[in-house]
Protein chains: 2
Amino acid sequence: MFVTYSMEAVLTRKEQIEKTATALFKRKGYTATSMRDLANALGIEAASIYSHIRSKEEILQRVCFKMADEFFDALDAAESMAGPATVRLQRAIAAHVQVLTQNTEASAVFLHEWRHLSEPLHSNFLALRDKYEARFREIIREGIQRGEFSVPDEKFAVLTILSALNWIHTWYKPEGKMTPTEIAENLSEMLLNGLRN
Amino acid sequence: MFVTYSMEAVLTRKEQIEKTATALFKRKGYTATSMRDLANALGIEAASIYSHIRSKEEILQRVCFKMADEFFDALDAAESMAGPATVRLQRAIAAHVQVLTQNTEASAVFLHEWRHLSEPLHSNFLALRDKYEARFREIIREGIQRGEFSVPDEKFAVLTILSALNWIHTWYKPEGKMTPTEIAENLSEMLLNGLRN
DNA sequence: TAAATTTGCTAACGAACGTTAGGTTGTGTA
DNA sequence: TACACAACCTAACGTTCGTTAGCAAATTTA
C-alpha cells in the first residue's frame with residue numbers, strides 16, 4: 001500500500017493532516033487557524049478533511065495527548081537509573097529538551113493550545129501536566145533532603161526550571177549552532193550552578 | 001465629572017473596557033474572545049462598545065504597547081544607577097518581576113497575544129521586544145567581560161532568564177505567600193547562583 | 001435652560017466559521 | 001472483471017463573527 005523510495009517517513013493522510021495542522025496551530029494559534037486555512041495548506045477543500053478526522057478539536061486533542069505521552073516516556077527513561085538528585089535532574093532536563101527540540105511545532109501546541117480543549121479533555125490534560133511537574137518536584141525535594149540543593153520552595157523551583165526550558169521551541173532550529181544535547185547541558189549548567197563565575 | 005469615595009482608581013469607560021477585555025484575552029485568548037463575550041462581561045451590547053473604541057484590535061494594540069512602555073520605564077529606572085553587572089542584572093530582574101506581578105493580565109496579553117497584531121504593529125512590537133532583550137544582553141556581555149559571569153552564549157542566557165521570569169503571570173497571586181520582591185530575590189538567586197548548595 | 005457629550009440601544013450587514021450530505025474518481029483487492 | 005474503499009469534490013446548512021447605521025436617553029457643560 002505504501003511504497004516510497006525516499007528517506008522520509010511515510011505518513012498516512014491523517015498524519016499529514018495532523019502535521020500540517022500542528023504547524024499552523026503553532027504559527028497562528030488553534031482558534032485563529034480555520035479549517036479552510038488547513039485545507040489550503042494541504043491543497044484540498046475544507047470539507048475533504050472530514051473524510052479523515054471527526055472534528056477540528058480531534059486534531060488538537062491528538063497532538064496534545066501524544067506529546068504528553070512523549071514527555072512521560074522520555075522522563076521514564078531518564079529516571080530509570082538511580083543516582084544523586086543532581087544527576088537525575090540533569091537527565092530529566094536533557095529528556096525534556098530532547099522532546100522539545102525533536103518536534104518544536106507539536107511542543108508549541110502542547111504548551112500553549114491545550115487550553116482550547118473542551119471538558120473533560122481540558123481537565124484530563126491539566127491533571128497529566130500536574131503529574132509531570134510532580135515528578136520534577138520529587139527530584140527537587142530529594143535533592144533538598146540530601147543537601148544537594150538549596151531552594152526556598154520546590155514548587156517554585158520546578159516552575160522556574162520548566163519555564164526556562166519551555167521557551168526553547170520558539171528559537172530552536174535543527175540547523176542552529178547548538179545541538180539539543182549541548183542546549184540541555186548549557187541549561188543544566190545555568191540552572192544548577194547559575195550564571196556566576 | 002468623576003466623583004468617588006472609594007480607594008479604587010477611577011477608570012474612564014474606555015479603560016474599563018480595556019481592563020475587562022484584557023482579563024478575557026488572558027483567560028481565553030484574543031481570537032477566542034468575541035466582542036459579544038466582552039460586551040456580556042461589561043453588561044452591555046456588543047455594538048455599544050464601538051462608542052468607545054474603533055476596533056477589537058485597537059484594544060489589543062493599546063494593551064501591548066502600554067505594557068511595552070511599562071517594561072521599558074521599569075528597566076530605565078533599574079539601570080539608572082551604575083554598578084557591577086551582577087547588581088545591575090539583579091535590579092533588571094526585580095524591575096521585570098515588578099511589572100509582571102503588578103498586572104498579570106496585561107502581562108499575559110503582552111507576552112502571548114501580540115502575534116495577533118496586524119502589520120505594521122506586529123513588526124513594531126517585535127522590534128521593541130528585541131530592543132528590550134538587547135538591554136539585557138548588554139548587561140550579560142559586560143558581566144562576561146568583567147569576569148563576573150560565565151556563560152557560553154549571551155543571547156542564550158538572556159532568553160533563558162526572561163523565559164524563567166515570564167512564567168510568573170500564570171501562577172502569581174497578590175495574596176500568595178511570596179511578595180513580588182521576594183519572588184525577584186529568589187529568581188535572582190536561582191539564576192545567578194543556581195540550585196546547587 | 002440649551003447645547004454638547006457620553007453611553008447605550010435595536011436591527012442588520014456581509015463575511016467567515018465548523019460541519020454535513022451526497023456524489024465522483026481513481027486505486028488496490030477478491 | 002467486479003467490488004470495496006480511500007480521497008476528494010461541490011453545494012449548502014446554521015451559527016457566529018466584527019462592525020455599521022441610526023436613534024434614544026442620560027448626564028455634563030455653557
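So that the names make sense, note that chain A is the first sequence line, chain B the second, and so on, each numbered from 1. Note that these values count all heavy atoms, side chains included, but never hydrogens, waters or copies made by symmetry.
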note = In 5'-to-3' order, the base (B), backbone-only (S) or no-contact (-) status of each nucleotide in nucleotides 10-17 of chain C, using a 4.0 angstrom heavy-atom cut-off, is BBB----B
query = Quick one: which of A:Phe65, A:Phe72, A:Phe71 gives a ring pair (Phe, Tyr, Trp, His ring centres under 6.0 Å) with A:Phe110?
reply = A:Phe71
key: Whole angstrom value for the distance that separates P of C:dT5 from NZ of B:Lys14   = 17 Å
query = So, is the end of the B:Lys56 side chain (NZ or CZ) under 6.0 Å from the ring centre of B:Tyr30 and within 45° of the ring's axis?
reply = yes
request  = Verify whether one side chain among B:Ser188 and B:Gln90 offers a donor that lies under 3.5 Å from an acceptor in the other.
outcome  = no
remark   = Separation of C:dT25 atom C1' from A:Ile44 atom CD1, nearest Å, is 15 Å
task = May I ask you to evaluate whether A:Tyr50 reaches the phosphate of C:dT19, defined as a side-chain N or O under 4.0 Å from OP1 or OP2?
result = yes
query = Going by heavy atoms in the side chains, are A:Ile53 and A:Met35 under 4.5 Å from each other?
reply = yes
query = Is the backbone of A:Ile140 close enough, under 3.5 Å, to the side chain of A:Glu154 for a donor and an acceptor to pair up by distance?
reply = no
task = Fit a plane to each ring of B:Trp171 and A:Phe156, take the angle between them on a 0 to 90° scale, and name the class: parallel (under 30°), tilted (30 to 60°) or perpendicular (over 60°).
result = perpendicular
request  = Nearest whole angstrom, please: distance from the C1' of D:dG18 to the CZ of B:Phe25.
outcome  = 12 Å
request  = Give me the ring orientation class for B:His96 and B:Phe136: parallel if the planes are under 30° apart, tilted from 30 to 60°, perpendicular past 60°.
outcome  = perpendicular
note = Rounded to whole Å, OH of B:Tyr30 lies from P of D:dG18 at a distance of 8 Å
ask   = Nearest-Å distance, CD (A:Glu57) to P (C:dG18)?
value = 12 Å
inquiry  = Near DNA chain D, counting only heavy atoms under 4.0 Å, which residues of residues 113-121 of chain A show up?
reply    = none
request  = Report yes if at least one side-chain N or O of B:Arg13 is closer than 4.0 Å to OP1 or OP2 of C:dG8; otherwise report no.
outcome  = yes
ask   = Atom CG of A:Leu42 and atom P of D:dC8: how far apart are they, to the nearest Å?
value = 8 Å
inquiry  = Please tell me if B:His52 has a side-chain N or O lying less than 4.0 Å from either OP1 or OP2 of C:dT7.
reply    = yes
message = Measure CD/A:Gln16 against C1'/D:dA7 and give the value in whole Å, please.
response = 11 Å
query = What distance separates A:Asn186 CG from A:Leu191 CG, expressed to the nearest 0.5 Å?
reply = 10.5 Å
ask   = Between atom CD in A:Glu58 and atom C1' in C:dT20, what is the gap in whole Å?
value = 16 Å
request  = For the residue pair B:Trp167 and A:His112, categorise the inter-ring angle as parallel (less than 30°), tilted (30 to 60°) or perpendicular (more than 60°).
outcome  = tilted
